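What follows is a set of notes on a single structure, which appears directly below.
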Amino acid sequence: MTIDTIDTSLLFRKFCPSIFSMLDKRTDWDKLNSRFKEKVYNRKGYDYKDDFIGVLFNAFEGDNYNAEFVVEIDKIYNKIQDALPEFSKKVRELLKGKITNLEDWNFLNVVGELFVINTILNHPNDIQLLDIEKKTVNGKPKDLFVCLKTGRKLMIEILNIHYTEKSFDRETLEKHLISKTKAKILSETKGCLSEEDKNILFLPIIWRLDIEKLVEHYDFFERYENSWGKETGTEYQTMGFHILQTLNKKDEIQQFVFGLVTYILRAVDNNIA
């Protein structure tokens, strides 16, 4: 298969059979093939990590990381569909609108949401999912509505932060992450008037940044996490920054781990207490 002969339906069938089953009758595959080819040929310096089709094509060409990445996404989607049949339709709606969207990095928004829902499923004694895309007074639905083991109910809004800076020095990294997080918080809370609407916890996820780049900044991530995001200067609390990382097993199969940056840094660097 080449770009000229690309078959997006085959790529989904090969790597994401569960997602393919959901998309098949809802997708014009020929049109998707044409849209992808047009983007590749018209975009100077096209990066295959920009959209999900590119990641699938890269996997087809032998990129093991991307192959295991898309297979993991399919597994989590299937797990959520089985465990939460009451939200099956909403999850399908989330995926079908973004997984074939060729806008840069758009697919990562729904991928982040899937990983967060999967984390909730892995901690049934601590948190329960009550709703997805819960409507609010200001007209902006929030990603998740949950109940904590304490009985407190709150909305969780996932903030996807794409790190686009070339520098990783302390000042640049902190300024970029905090300013992006603050801007997204202000956008999501504009028009929130009722106490119910204000009962929001934000969960930021960093994309396009390797964990190795963050080791020397551990104290920043720990401070941000412990302060519940006071650095943003807003009235809303945020959890610590999260990231998706791979930990290589002895058999060289990559294990995907999603969680707090501080947790994963401790897992990959023995020098961090």
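Computed from a prediction, not measured in an experiment: that's the story for all the values here.
- The local environment of CD in E171 is sparse, with at most 12 non-hydrogen atoms from other residues, nucleotides or ligands closer than 6.0 Å.
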- Please lay out, stage by stage, how F52 and F12 fare under the test ring-ring contact (aromatic ring centres under 6.0 Å, His included). CA-CA 10 Å; F52 197 72; F12 273 97; 5.8 Å; yes

- Please walk me through it: do L10 and M1 pass side chain to side chain contact (heavy atoms under 4.5 Å, CB included)? CA-CA 10 Å; L10 186 150; M1 185 189 302; 3.7 Å; yes

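- Without hydrogens or angle criteria, N42 side chain to E38 main chain gives a donor-acceptor distance under 3.5 Å.
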Acceptor/donor pairs from residues 173-180 side chains to any protein atom, 3.5 angstrom cut, sequence neighbours excluded:
unit_1	atom_1	unit_2	atom_2	d
E174	OE2	R170	NE	3.4
E174	OE2	R170	NH1	3.4
H176	ND1	E165	OE2	3.4
H176	NE2	H162	O	3.3
S179	OG	K175	O	2.7
S179	OG	H176	O	3.1

- Should Y224 and T238 be marked as a side-chain hydrogen bond (donor to acceptor under 3.5 Å, both in side chains) after you check the CA-CA gap, both sets of side-chain angles, and the distance that decides it? CA-CA 9 Å; Y224 185 94; T238 84; 2.8 Å; yes

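- For the residue pair E113 and L94, the shortest heavy atom distance occurs at OE2-CD1, 3.4 Å.
- Taking the six-membered ring for Trp and thresholds of 30 and 60 degrees, F60 and F57 have nearly parallel ring planes, at less than 30 degrees apart.
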- Task: Could you walk me through whether N160 and I158 pass side chain to side chain contact (heavy atoms under 4.5 Å, CB included), step by step?
- Result: CA-CA 6 Å; N160 292 282; I158 299 162; 4.1 Å; yes

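- Formation of a donor-acceptor pair under 3.5 Å by the H123 side chain with backbone atoms of L121 is not found in this model.
- Remark: D24 does not engage R13 in a salt bridge, criterion side-chain N to carboxylate O under 4.0 Å.
- Ion pairing between a basic and an acidic side chain is recognised when a charged N comes within 4.0 Å of a carboxylate O; K142 and E188 show such pairing.
- Remark: E72 engages K75, I76, F115, F256 in a side chain to side chain contact (heavy atoms under 4.5 Å, CB included) (not counting sequence neighbours).
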Identify all side-chain donor-acceptor contacts of residues 15-23 below 3.5 Å with residues at least two apart in sequence or on another chain.
unit_1	atom_1	unit_2	atom_2	d
S18	OG	N78	OD1	3.4
S21	OG	P17	O	3.0

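- Expressed to the nearest 0.5 Å, how far CG of N58 lies from CD1 of I53 amounts to 12.5 Å.
- Ion pair E157/K184 not flagged as a salt bridge, since none of the NZ, NE, NH1 or NH2 atoms sits closer than 4.0 Å to an Asp/Glu carboxylate oxygen.
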- Task: Go through the steps to decide whether F241 and T181 satisfy the test side chain to side chain contact (heavy atoms under 4.5 Å, CB included), and finish with yes or no.
- Result: CA-CA 10 Å; F241 289 98; T181 302; 3.5 Å; yes

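- For the pair K149 (side chain) and N125 (backbone), a donor-acceptor distance under 3.5 Å is absent.
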- Message: Run the side-chain hydrogen bond (donor to acceptor under 3.5 Å, both in side chains) test on S88 and R92 for me, step by step, so that the C-alpha distance in whole Å, both residues' side-chain angles and the decisive distance to 0.1 Å come before the verdict.
- Response: CA-CA 6 Å; S88 179; R92 288 200 308 269; 3.0 Å; yes

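- Using a distance-only test at 3.5 Å, with no hydrogens or angles considered, a donor-acceptor pair links the side chain of D63 to the main chain of N66.
- Each of L186 and M155 belongs to its own hydrophobic cluster when Ile, Leu, Val, Met, Phe, Trp and Tyr are linked at side-chain heavy-atom distances under 4.5 angstrom.
- Screening V111, I161, V116, N109 for a side-chain contact (heavy atoms from CB on, under 4.5 Å) with I205, the sole residue that qualifies is V116.
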- Message: For F145 and K153: C-alpha separation, side-chain torsions, deciding distance, then whether side chain to side chain contact (heavy atoms under 4.5 Å, CB included) applies.
- Response: CA-CA 7 Å; F145 184 47; K153 296 179 180 179; 3.9 Å; yes

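- With D131 contributing its side chain and V146 its backbone, the two residues share no donor-acceptor pair below 3.5 Å.
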- Worked check of salt bridge (Lys or Arg N to Asp or Glu O under 4.0 Å) between K39 and D51: CA-CA 10 Å; K39 179 178 180 179; D51 55 70; 3.0 Å; yes

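- Checking side-chain atoms of T234 against main-chain N and O of Y236 turns up a donor-acceptor pair under 3.5 Å.
- Ring centers of F258 and Y263: at least 6.0 Å apart, outside the cut-off.
- Using a distance-only test at 3.5 Å, with no hydrogens or angles considered, a donor-acceptor pair links the side chain of T5 to the main chain of T2.
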